[in-house]
Amino acid sequence: MISEQLIQHIHTIRKRFESPVEVCRGVRYDMRKIVERSRRYYYGQFEQPEPSKRFINLTKILTDAVIKSIDLDTKDITVFAREPGKEFKAEIMRRLLRHWLTSNNFGIILNDLLASLVRDGSAVLKKVGDKIYRPNLLNIWVDPGADNFQKTAIIEKHTYTPEELREVGKDWDNVNNIEFKTDKGAPYVDIYEMWGWFSKELIGGSEPFNYGVLIASDQGVHFFEKADPEDNPFYFFVYEKVEGRLYGMGVPETTFDLQVMLNEVINLRLRNFYQVHSGIWEVTPDAGIRRENLENLEFGGILFVNRPGALRKLDTGEIKQSAYTEEQNIVSWGQRLTEAYELVRGENLPASTPATTALILSQRAQTKFDLILENIGLQLTEFLRNKIIPDFKKQLSQEKIIRISGDMEFIKKLDEKLIEHYLTTRKIEFIKRMGRWPSDLEVQILKEDIQKSLKGKSRYFVDLPKDFFNMDIDVEFNITNENFNKAVVSTDLRMLLAELSRIPDLNLDLTKVAKKIIDLMGFAPEMFEKDVEEAMPQMQGGIPGMVPPEGSLSNLIPPAGPGMTPTPSASPMPMGTPEEGPGTPLPPQEIATRRTLQELRKKIEMGEF
């Protein structure tokens, strides 16, 4: 590995990525300049300082209106089960995922991402460990002409102070002798991180090219490691796709020319306003008045002349109302380009606007924003699937106690699923130990013991086993009326079930159809099931010779009939039930079964099951 060549390689790629990209003949975009210009206009600054002119910030008005119209939140994330019968577990995982995203400030990151997308046209998210953040787009270099983000190398510039470098670079090489710059008033150093393909001439090895991550500064290479392209921590988002370039187009870029025109129109009208109200004066050469005398003259001042008629104000007329029409036309063009009408901005339409026109404008704007939201939602869904969900499922594979909040109905369903899960595990252990399937009575005893163990815990803090979420899931953003209009889906559901119920001999389970549609709507079908009162089988007199543990459901079994005394557990010959008569010996097979149940009860109490 040659350090000098690797450092030069990074700077060569950076310069190449800064070149304009040609999307068609004669149409070229310098993307870094476009991003800088978009930000400059959004903050109300001319490309070149012009103190005598006023910047009328139409760009910010339109951009902020669009940002408010495409709001996203973690509540829009839905988790689906790809396996039948796992819908309620998917509902639990959805709540856990939202909690994980909320604890990592993903809602704030989403708002920041959307604002950057609308303003710059593109944005980048980076996931490092459990942390997600948005790097400054001007500190990112990618191939502007790439078809998609996976086909380009990516370079990020970091600026570290000595303390920050010691923290992030504790496992790097050649960091102790770095010389820091001080031209910004504090010591700092620029570090470049590059993910991409490297030739064997640069890094050695037998393969012609290897994918990896390189961290270096102008003073040397600090880290290099081969990696899988899937390990790339970056994801590139676009607002509106532009054919032929990787970067998207934001609202400011869409309205560049309109912003320039509006500034020119407003500043020209201001100059005319000053001329009309200050006047243009005709001065004879012998009046003894110099130009600076007139320029410095304040309203109400006195100007002395040598003779009458030497100073005369010319008639410049009044500013016509039609001078304001051009400004209104420019604003109207901007609204049509961005759909940021008065209704979207929260303003009132002119009183003369018909109600039908207002409704059409609102629907047209919402249609465009739905399309934009759908595109952004698809990108966020891919980000979650590839960058978030794999690590999230790894964390869930560790058995731990979590807090789950919800109404009592949800907690009840959760208890039922936990009992079902633990009962399946106990059955498998029983089969391994006994070499046979457990009987119904044995299953009931196992279930009773599980219920007892759950009752001793808080209903809001649940100990989830590590294999509870051993399932295949999918995740997506439900964000537009097109794919998640609850009213429409509910209506379609009723119509579908009504039509299916009229078809004779239909080989479909309508309950499963309803459950699947409810699951697609983002709800757990179990939340809509009827309440079933679970009752323990009534066993008169209990199990002879067995003493149920305190607090178990067996204590609810009525005692033996009048005149009956339960046989103690030490009795060598368990006696019969009331139906069999007092003191009736049991068959040898029944005696063996009941002794097995005694042993099973003891093992449960000892924690062996």
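Please read all numbers here as calculations on a predicted model, not as lab measurements.
- Between the CD1 atom in Ile155 and the CG atom in Leu214 there is a gap of 9.0 Å [rounded to 0.5 Å].
- Side-chain N or O atoms of Thr152 include none that pairs as donor or acceptor with a backbone N or O of Phe149 at under 3.5 Å.
- Considering all non-hydrogen atoms of both residues, Leu165 and Val175 come closest at CD2-O, 4.4 Å.
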When you look at Arg426 and Glu442, which way does the salt bridge (Lys or Arg N to Asp or Glu O under 4.0 Å) test go after all the steps?
CA-CA 11 Å; Arg426 295 284 184 89; Glu442 291 167 335; over 6 Å; no

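- No more than 12 heavy atoms of other residues, nucleotides or ligands lie within 6.0 Å of CG in Asp440, so this atom counts as exposed by the packing criterion.
- Rounding to the nearest 0.5 Å places CG of Leu101 at 6.5 Å from CD1 of Ile132.
- Aromatic pair Phe234/Phe236: ring centres not closer than 6.0 Å.
- A salt bridge links Lys127 with Asp391: the closest approach of a Lys/Arg side-chain nitrogen to an acidic carboxylate oxygen falls below 4.0 angstrom.
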Identify every side-chain donor-acceptor pair in residues 224-231 under 3.5 Å, counting partners at least two apart or on other chains, and give the distances.
residue	atom	partner	partner atom	Å
Asp228	OD1	Glu230	N	2.8
Asp231	OD2	Asp228	N	3.4

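- Note: Trp197 and Tyr211 have perpendicular aromatic rings, judged against thresholds of 30 and 60 degrees for the angle between ring planes.
- Within 6.0 Å of OH on Tyr133 lie more than 12 heavy atoms contributed by other residues, nucleotides or ligands.
- Closest approach of Ile109 and Asn104 over heavy atoms only: CD1-O, 3.9 Å.
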